Each structure stands twice: as structure tokens, then as C-alpha cells.
There are 2 protein chains.
Amino acid sequence: MRKDTHHHGDLREALILAGIELLDEGGIDALTLRKCAARAGVSHAAPAHHFKGLVSLKAAIVARCYRMFSSTMLAHKNNAGTTPRAQLLAICEGYLAFTRTHAPLFQIMFQPKPEGMERVNPDILEELETESTNAFMILRAASAPFAPVGGHEQGTEVMVWALVHGYAVLFANAPDEETPAGVLPEFARILPDLPLRK
Amino acid sequence: MRKDTHHHGDLREALILAGIELLDEGGIDALTLRKCAARAGVSHAAPAHHFKGLVSLKAAIVARCYRMFSSTMLAHKNNAGTTPRAQLLAICEGYLAFTRTHAPLFQIMFQPKPEGMERVNPDILEELETESTNAFMILRAASAPFAPVGGHEQGTEVMVWALVHGYAVLFANAPDEETPAGVLPEFARILPDLPLRK
DNA sequence: CTCCTTAACTAGACAGTGTAAAGTTAAATG
DNA sequence: CATTTAACTTTACACTGTCTAGTTAAGGAG
């Protein structure tokens with residue numbers, strides 16, 4: 001079960017963790033291949049043996065972030081009441097909590113894919129796909145008990161996702177109640193009443 | 001009224017336009033101080049006389065983008081019906097049209113402010129503030145006829161803004177109907193019914 | 001044990017980036 | 001015309017990602 005490599009214990013994992021640290025500490029511009037390598041105690045060219053270029057490392061980091069993201073949402077869900085609305089709101093609060101706690105991670109997760117995306121290692125790409133889909137499934141499951149918004153089968157989940165994501169981007173990290181909108185309503189107040197399926 | 005400078009006609013403006021071109025053509029990574037300078041036919045250090053560093057040029061570009069953004073929204077509004085919901089929907093469609101036509105501009109506009117933001121030229125910062133606030137005011141005005149969502153005075157505008165922004169980021173540029181959500185509902189279907197003020 | 005292959009890493013170089021300093025040119029001012 | 005000053009160029013520096021060529025160590029075959 002041991003994955004001892006030659007010199008470093010587990011460089012791949014160390015690079016991902018270093019990247020997340022750098023993001024959390026210094027924002028999105030602080031994430032650098034060379035700094036990841038340095039933090040892992042390794043030369044600047046070493047990462048090339050585990051990741052095809054910076055985009056691949058970033059993709060692996062983002063995949064890991066989606067796991068943390070899902071965990072946060074699930075933790076909030078498990079601490080909430082059992083009514084459908086309480087569950088849905090809890091997940092949204094988890095969504096917002098993650099943005100507030102890990103703003104740079106959130107930023108890199110939802111940034112439009114850069115250019116070289118087509119040549120990241122296929123397994124990394126697959127993991128990324130899995131983790132991001134999994135995160136969305138949490139929200140989808142919580143939306144399922146409600147009647148479809150606008151008569152569209154995916155209407156509710158799309159509406160909730162857009163709403164919480166927009167709120168997260170525009171307002172979640174705004175200095176307390178200092179936005180172009182003036183005093184900010186809490187998220188629970190702008191989530192519309194959603195009738196249950198009959 | 002002529003602003004002839006020594007060598008270049010109007011370098012400041014040329015740099016902003018070059019930046020917008022670069023963004024539109026090559027995405028957010030294509031925006032570079034040196035490339036802006038080259039496209040304006042000037043050495044790479046010339047921009048320093050008009051903008052305090054790259055962040056300042058970016059701020060000026062973003063301010064200009066907000067102007068284009070407002071124009072797009074207003075154009076849609078003027079081509080729409082006069083009912084409050086038609087007006088509001090038209091503005092949202094303008095919002096989404098801008099994202100689809102100028103994805104990189106949209107991206108740089110709503111990116112979290114980078115580090116050196118505190119030392120951009122104060123007039124640029126003020127222009128940015130003005131233009132972005134002005135854009136939001138368009139949405140606010142269109143939200144005014146509706147009863148406050150969640151009983152909160154700013155509830156409606158915050159809800160609409162979050163909804164359209166989230167939809168724009170997550171879905172507007174998705175390959176047609178290929179998203180984790182499955183077949184995508186149009187925006188008009190996920191905008192809730194909003195009762196008018198009485 | 002020795003030889004060999006191969007994976008993991010290092011060292012160095014390169015083009016491109018933003019920024020800062022010093023030098024040059026041209027317009028404006030007295 | 002002489003001087004000042006703004007606009008721009010040149011040069012240099014540190015930092016980035018990537019590529020190439022070495023080096024080191026682990027594991028297997030005889």
C-alpha cells in the first residue's frame with residue numbers, strides 16, 4: 001500500500017496541497033508552478049513528471065477543491081432540519097460558507113477554462129469531471145422535492161444554482177453591507193418560495 | 001479641444017482599445033502590457049506615463065467595458081415591450097447577450113480585485129466606480145416596479161442580479177444544452193413571477 | 001554481485017512577463 | 001532663443017512556464 005517514490009515521498013500529492021495552501025494564503029496570483037515545487041522541497045522542473053504543464057496541476061487542484069466544496073455543503077446539510085426547504089437552504093449556506101472561507105479556491109474553480117485544457121492528463125480531466133458533477137448532484141438532489149420551476153424539468157436546480165452562485169460571486173465577500181445594492185438581504189430571503197411536487 | 005501629445009495622438013485611449021481588442025481576440029491571458037503597447041505602436045514602457053502599472057490599465061479597461069455593458073442592456077431594453085416584466089427581462093437578456101458576445105470582457109469585469117488595486121490612479125478608480133454603479137442602476141430601475149422580495153427593500157434587485165449573474169457565469173456560455181444540469185431552461189423560465197408594488 | 005533499464009529528479013537555458021531607472025526627443029513656455 | 005517638462009525609448013532585473021540535457025537511485029535479469 002506504500003507509494004514510496006525514489007526521492008520524495010509523494011510529490012504529486014504534495015504539489016496539490018502546496019498549491020491549495022498558496023491559493024488560500026496569497027490569492028490566485030500566488031499560485032505558481034515554481035512556488036509549488038519549492039514548497040514541496042523540489043526543483044522547479046520536477047512537477048513535469050507528474051503533471052503536463054501548469055494547467056494540469058491547476059486541474060488537479062481544482063478537482064481537489066470540488067471535494068472540499070462538496071464536503072462543506074454536506075456538512076451544512078447534516079446540521080440542518082429535515083424539511084426540504086431547510087435542507088436546500090443549508091446546502092446553499094454551505095455553498096456561501098465555502099466562498100467566504102476559501103475565496104481564491106472558489107475563484108479558480110469557477111474560472112473559465114484556460115487555453116491548454118485539451119492536453120491535461122486524461123485521468124486528471126476525468127477526476128475533475130467526476131468531482132464537479134458530484135458537487136452539482138448535491139444541489140440537484142436537494143432540489144428534487146420541489147415542483148419544477150417554469151414547468152421545466154431542470155428549472156428548479158438551474159434556478160437555485162444560478163441564484164446561489166450569483167449571490168456568492170457578487171455579494172458573499174462584499175464588505176459587510178457595503179454594496180451597490182445597499183444593505184444586503186440574507187440569502188434565505190431571496191430564495192423564492194418553492195412549492196413541493198404533488 | 002485637441003489633445004495632441006508629442007509623438008502619439010492619444011496613447012491613453014489607444015491602449016484601452018488595444019486591451020479590449022486583445023481580450024476579445026485571445027481571452028484573458030492575451031491581455032498584456034507589452035502587447036497593448038506594441039499594438040499601439042509604442043515601446044513597452046510608454047504606458048507607465050498614463051497608467052500606474054498594469055492594474056491601472058486593467059481598471060481603465062474594465063471601466064470602459066462597463067460602459068459597453070450598460071449600452072447593451074439599454075439597447076435591449078429599448079427594443080422591448082413596456083410592461084415591467086418585459087423591461088426587466090430585456091435587460092437580463094442584454095446582460096446575457098454581453099456575456100456571450102464578450103466573454104473575456106465579462107470575465108475581467110467580475111473578477112475579484114487583484115492586489116495592487118489601492119494604488120491605481122484615483123481618477124481611474126472613480127471612473128470605474130461610476131460606470132459599474134451606473135450599470136447596476138439600470139437593473140435597479142427595472143426592479144423598482146416590483147414588490148420587494150422577502151420583504152427586504154433591496155430584495156428584488158439583489159435576487160434578480162444574483163439570478164442573472166449566476167446564470168451568465170454558469171450557463172450562458174455552455175455548449176448548447178450540454179451542462180451538468182442537462183437540457184438548459186431559458187432564462188425567462190427561471191425568473192420567478194414578481195408581483196407589482198401596490 | 002553486476003549490468004542495464006527506467007523513473008524521479010536537478011541544472012541550465014530560453015522567451016515572455018511587469019516594473020524600475022536612466023537617457024532621449026520634442027513640444028511648450030518664458 | 002534657452003529652459004523646462006512631458007512623452008517616449010533603451011536597458012536592465014527578477015520572475016514566470018517550458019524545454020532539453022544531465023544525474024541519481026531503484027528494481028530486475030543474468
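Just so you know, these numbers use all the heavy atoms, side chains as well, and skip hydrogens, waters and symmetry mates. Note on naming: letters A, B, ... go to the chains in the order of the sequence lines (proteins, then strands), and numbering restarts at 1 for each one. Note that the structure is a prediction, hence the values are computed from the model and not measured.
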Please report the distance, rounded to the nearest Å, between NE2 in B/His49 and C1' in C/dT24. 11 Å
Atom CZ of B/Arg119 and atom C1' of C/dA20: how far apart are they, to the nearest Å? 11 Å
Got a sec? Which of residues 27-35 of chain B come in under 4.0 Å of DNA chain C, heavy atoms? B/Thr32, B/Leu33, B/Arg34, B/Lys35
Mind checking whether A/His102 and A/Phe98 have parallel, tilted or perpendicular rings, split at 30° and 60°? tilted
Would you mind reading off the distance between A/Phe51 atom CZ and D/dG17 atom P, rounded to a whole angstrom? 14 Å
About how many Å separate CG of A/Leu74 and CD1 of A/Ile91, when rounded to the nearest 0.5 Å? 7.0 Å
Closest to the side chain of A/His44, out of D/dT9, D/dT18, D/dA12, is D/dT18
Answer with yes or no whether the side chains of A/Trp161 and A/Tyr95 bring together a donor and an acceptor at under 3.5 Å. yes
With the side chain defined as heavy atoms from C-beta on, A/Leu54 is closest, among C/dC9, D/dC8, D/dT18, to D/dT18
Do the side-chain N or O atoms of B/His50 get closer than 4.0 angstrom to the phosphate oxygens (OP1, OP2) of D/dA6? no
Report yes if the distance between the aromatic ring centroids of A/Phe106 and A/His165 is under 6.0 Å, otherwise no. yes
Check for a donor-acceptor pair, side chain of B/Thr83 on one end and backbone N or O of B/Ala86 on the other, with a separation under 3.5 Å. yes
B/Glu21 CD: over 12 foreign heavy atoms closer than 6.0 Å: yes
Grab the CG-P distance between B/Asp10 and C/dA27 for me, whole Å please. 16 Å
Would you kindly give the CZ-to-C1' distance between B/Arg12 and D/dA7, to the nearest whole Å? 15 Å
